[in-house]
Amino acid sequence: MLFWIGVLFTLTVPFILSICFESVSAGWLSAACGAFVVFASKLERIAELSLGPVKAKMREKIEEASATIEQLRKVSVTIAEAELTNLIATAFMGNMTLEKKLEIHDKVIDELKNINVSDEQISTAEESWKKGITVIYHRAIRNALEERPHPSIVNAEISDSQKNAGRELQDLLDFDNWLPPTPYQIRKLLEKHGISSSAAEVWIDDYEHFLKTNEIRNREEFVRQ
C-alpha cells in the first residue's frame with residue numbers, strides 16, 4: 001500500500017503543485033519526497049529476500065537503495081534551499097504576505113523532517129532564509145526606534161538623536177549580503193546616541209532570541225513589519 005501511495009504521489013502531486021503555485025521547484029521537491037516513499041516501502045521486501053545464494057546480491061541492492069534515498073534527501077535539501085531563498089527574497093517585494101511565507105517555510109521544514117533530513121542539512125537549506133529574517137528584524141528595530149506609526153510612514157516629530165541613530169542603523173545594514181548589525185552593535189549604537197527605547201529593545205531581544213533558537217517570537221507583530 002505504501003508503495004502505491006508513493007507512486008501515486010510522485011505522479012500527481014508535483015504536477016498539481018507546479019500548476020497551482022507556478023513553482024517548478026516545488027514540484028520537484030514533492031517528486032523527490034514521493035520517490036523517497038517508494039524506495040522506503042521496498043526496503044523491507046528486499047531484506048526478506050536476502051537468503052541463500054542471493055544474499056550478497058540483495059545486500060548490494062539494499063545498500064544501493066539506501067544510497068539513493070540519501071541522494072534524494074540531498075536533492076530535497078538543495079531544492080528546499082532554493083525555494084526558501086526565493087521565498088524570503090520576495091519578502092521585500094510585497095508579492096505575498098509575510099505571514100503566508102512563514103507558513104510555507106514551516107511546511108517545507110516539516111516535510112524535510114518527515115523524510116529524515118538531518119538537522120545539519122536543514123540548517124544548510126535555511127541559511128539564506130535566516131539571513132532574510134534578520135533583515136526584517138533590523139527593519140522592525142528601526143521602525144520602533146523612529147516611532148513610525150506604520151513601516152511605510154515616516155514620523156517627522158522624533159528627536160534629532162532618533163533620526164541620526166536611525167540613519168546610522170540603516171548604514172550598518174549590508175543589504176546586498178543580508179547582513180544586519182548584531183544585537184550588541186545595535187545596543188551600542190543606541191547607547192552612543194543616548195537613546196532609551198523600550199519598543200526598540202523588545203525587538204532587539206526578539207532578534208537576539210531568533211539568532212539563538214531560530215524561533216520568531218511575537219509572530220503576529222513580526223508579520224506586520
Side-chain angles (χ1 to χ4, degrees), residues 21 23 25-26 29 77 79-113 119 122-155 158 162-193 195-225:
F21 296 100
S23 173
S25 56
L29 177 59
V77 169
I79 295 172
E81 180 180 8
E83 199 64 17
L84 291 176
T85 300
N86 179 64
L87 195 66
I88 194 62
T90 56
F92 310 112
M93 302 177 188
N95 66 328
M96 183 189 296
T97 65
L98 182 54
E99 183 176 9
K100 184 63 178 179
K101 292 176 188 291
L102 292 176
E103 290 176 2
I104 294 174
H105 162 270
D106 293 346
K107 289 178 181 178
V108 170
I109 298 304
D110 285 344
E111 289 303 318
L112 291 178
K113 290 179 179 178
D119 291 342
I122 290 176
S123 181
T124 297
E126 285 190 299
E127 185 175 353
S128 293
W129 167 269
K130 291 176 182 176
K131 287 183 178 180
I133 293 296
T134 62
V135 172
I136 296 175
Y137 271 116
H138 174 273
R139 183 167 62 192
I141 294 168
R142 186 183 180 191
N143 290 340
L145 169 62
E146 296 179 345
E147 299 179 15
R148 296 192 177 199
H150 185 274
S152 61
I153 300 176
V154 175
N155 183 357
I158 59 176
Q162 288 171 290
K163 293 177 182 177
N164 292 334
R167 282 193 291 267
E168 191 170 338
L169 180 61
Q170 187 63 25
D171 290 340
L172 289 174
L173 170 65
D174 179 0
F175 186 77
D176 290 340
N177 296 301
W178 293 357
L179 291 175
T182 65
Y184 174 79
Q185 288 176 303
I186 297 173
R187 289 192 176 103
K188 294 299 290 183
L189 172 64
L190 298 185
E191 181 182 330
K192 169 186 171 182
H193 289 275
I195 296 173
S196 177
S197 170
S198 57
E201 186 59 38
V202 168
W203 281 113
I204 296 172
D205 285 343
D206 285 355
Y207 172 30
E208 193 167 40
H209 177 79
F210 175 78
L211 293 176
K212 293 178 179 178
T213 67
N214 200 30
E215 176 192 14
I216 297 175
R217 294 195 304 202
N218 300 318
R219 191 155 166 159
E220 290 185 4
E221 290 296 323
F222 183 81
V223 298
R224 297 192 183 101
Q225 300 307 308

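At a threshold of 4.5 Å between non-hydrogen side-chain atoms, the residues Pro181 and Leu169 count as touching. When side chains are defined from C-beta on, His105 counts as touching Trp129, because their heavy atoms get closer than 4.5 Å. Considering only heavy atoms from C-beta on, Leu173 stays 4.5 Å or farther from Trp178 through its side chain. Taking 4.5 Å as the limit, every side-chain heavy atom of Tyr137 sits out of range of all side-chain heavy atoms of Ile204. For the pair Tyr207/Ile186, a side-chain contact is recorded, criterion being any heavy-atom separation below 4.5 Å from C-beta on. Side-chain atoms of Thr134 and Thr182, non-hydrogen and from C-beta on, never get closer than 4.5 Å to each other. Within the 4.5 Å cutoff, the side chain of Glu220 has no heavy atoms near those of the Glu99 side chain. Residues Tyr184 and Glu208 form no side-chain contact, since every pair of their non-hydrogen atoms from C-beta on lies 4.5 Å or further apart.
In Asp171, the CG atom is crowded: over 12 heavy atoms of neighbouring residues, nucleotides or ligands sit closer than 6.0 Å.
Note: Glu215 CD to Asp206 CG = 9.5 Å, rounded to the nearest 0.5 Å. Rounded to the nearest 0.5 angstrom, Phe210 CZ and Asp205 CG are separated by 15.5 Å.
Shown here for Gln162 and Glu146, the closest heavy-atom pair between the two residues is O-CG, 4.4 Å. The shortest heavy-atom contact between Ile195 and Ala165 is CD1-CB, 3.5 Å. The nearest pair of heavy atoms linking Arg142 to Gly166 is NE-O, 3.4 Å. The shortest heavy-atom contact between Phe222 and Arg217 is CB-O, 4.5 Å. Contact record, Ala200 with Ile141: CB-O, 4.3 Å, taken as the closest heavy-atom pair.
Without hydrogens or angle criteria, Asn155 side chain to Glu147 main chain gives a donor-acceptor distance under 3.5 Å. Using modelled atom types, one side-chain atom of Thr213 and one backbone atom of His209 make a donor-acceptor pair closer than 3.5 Å.
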| said: With side-chain contact (heavy atoms from CB on, under 4.5 Å) as the criterion, how do Asn164 and Arg167 come out once you've worked through the C-alpha distance, each side chain's angles and the decisive distance to 0.1 Å? | reply: CA-CA 5 Å; Asn164 292 334; Arg167 282 193 291 267; 2.4 Å; yes
| query | Going through the checks in order, is the side-chain contact (heavy atoms from CB on, under 4.5 Å) test met by Leu145 and Leu190? | reply | CA-CA 9 Å; Leu145 169 62; Leu190 298 185; 3.7 Å; yes
| request: Tell me, with the steps shown, if Lys130 and Ser123 meet side-chain contact (heavy atoms from CB on, under 4.5 Å). | output: CA-CA 9 Å; Lys130 291 176 182 176; Ser123 181; 3.7 Å; yes
| task | Begin with the C-alpha distance, continue with both residues' side-chain angles, and end with the deciding distance and a verdict on side-chain contact (heavy atoms from CB on, under 4.5 Å) for Ile153 and Arg148. | result | CA-CA 6 Å; Ile153 300 176; Arg148 296 192 177 199; 5.7 Å; no
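Side-chain contact, Asn214 with Glu126: a donor N or O sits under 3.5 Å from an acceptor N or O.
Test Glu191, His193, Arg187 against Leu189 for side chain to side chain contact (heavy atoms under 4.5 Å, CB included) and you get one pass: His193. Remark: of the listed residues Lys101, Arg219, Lys100, Arg219 is the sole one forming a salt bridge (Lys or Arg N to Asp or Glu O under 4.0 Å) with Asp106.
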